[in-house]
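One is the number of the first residue; the rest follow in order along the sequence.
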Amino acid sequence: TLFEGSWSISSVHGTAIGQVAGEAKIMGGTWQLRGRSTVTGGTWPDFTGFGGFSGSLNFNSVSPNDDVFNWRIDGILD
């Protein structure tokens with residue numbers, strides 16, 4: 001299954017924003033996402049770049065109130 005998305009990180013230093021795209025597989029009741037991340041801008045400082053993305057979405061029960069999504073990006077600046 002292919003996925004696309006966007007991300008935003010805010011801190012006292014400013015913001016960084018970007019896009020992700022890749023493949024998602026469900027393994028043992030957890031969605032595992034892997035793909036490419038592109039930094040498209042922000043104020044932390046104003047930069048662009050690219051790198052990797054990984055994430056896991058755990059469905060802990062039938063209720064959406066206890067789902068957990070952990071994600072990580074890395075990259076280099078253009």
Side-chain angles (χ1 to χ4, degrees):
T1 304
L2 300 178
F3 75 91
E4 294 180 345
S6 60
W7 56 264
S8 174
I9 300 173
S10 297
S11 81
V12 297
H13 302 290
T15 61
I17 57 173
Q19 302 290 319
V20 295
E23 185 177 12
K25 294 181 180 180
I26 194 159
M27 300 173 66
T30 299
W31 279 100
Q32 300 291 333
L33 294 85
R34 303 290 183 265
R36 179 179 173 96
S37 176
T38 304
V39 182
T40 57
T43 61
W44 181 25
D46 187 14
F47 59 80
T48 59
F50 62 93
F53 172 87
S54 65
S56 62
L57 177 57
N58 297 310
F59 299 102
N60 293 313
S61 71
V62 295
S63 170
N65 296 330
D66 61 355
D67 297 347
V68 176
F69 185 59
N70 293 303
W71 59 281
R72 172 176 279 176
I73 58 170
D74 65 13
I76 59 172
L77 302 178
D78 289 337

Less than 3.5 Å apart, which donor and acceptor atoms pair up between the side chains of residues 29-37 and the rest of the protein, not counting sequence neighbours?
| unit_1 | atom_1 | unit_2 | atom_2 | d |
| --- | --- | --- | --- | --- |
| T30 | OG1 | N58 | OD1 | 2.8 |
| Q32 | OE1 | R34 | NH2 | 3.2 |
| R34 | NH1 | G55 | O | 3.1 |
| S37 | OG | W7 | NE1 | 3.1 |

Value rounded to 0.5 Å, distance of OG in S54 from CG in D74: 8.0 Å

Measure the CZ-CD distance between F3 and E23 for me, rounded to the nearest 0.5 Å. 9.0 Å

Is I17 linked to I9 within one hydrophobic cluster, defined over Ile, Leu, Val, Met, Phe, Trp and Tyr using a side-chain heavy-atom separation of less than 4.5 Å? no

What about F53 and L2, same hydrophobic cluster or not, with Ile/Leu/Val/Met/Phe/Trp/Tyr joined at side-chain heavy-atom distances under 4.5 Å? no

T43: partners by side-chain contact (heavy atoms from CB on, under 4.5 Å), with sequence neighbours left out: T15

Taking only residues two or more places apart in sequence, or in another chain, which ones meet S6 in a side-chain contact (heavy atoms from CB on, under 4.5 Å)? Q19

Does any part of the side chain of V68, heavy atoms only, come nearer than 4.5 Å to the side chain of F59, both counted from C-beta? no

Suppose clustering is done on Ile, Leu, Val, Met, Phe, Trp and Tyr with side-chain heavy atoms closer than 4.5 Å. Which residues sit in the same group as I76? F50

Got a sec, which residues hit side-chain hydrogen bond (donor to acceptor under 3.5 Å, both in side chains) with T48, two or more places apart in sequence or on another chain? D78

side-chain hydrogen bond (donor to acceptor under 3.5 Å, both in side chains) involving N70 - partner list, sequence neighbours excluded: none

Could you check whether any side-chain N or O of T38 sits under 3.5 Å from a backbone N or O of T40, counting only pairs where one atom can act as donor and the other as acceptor? no

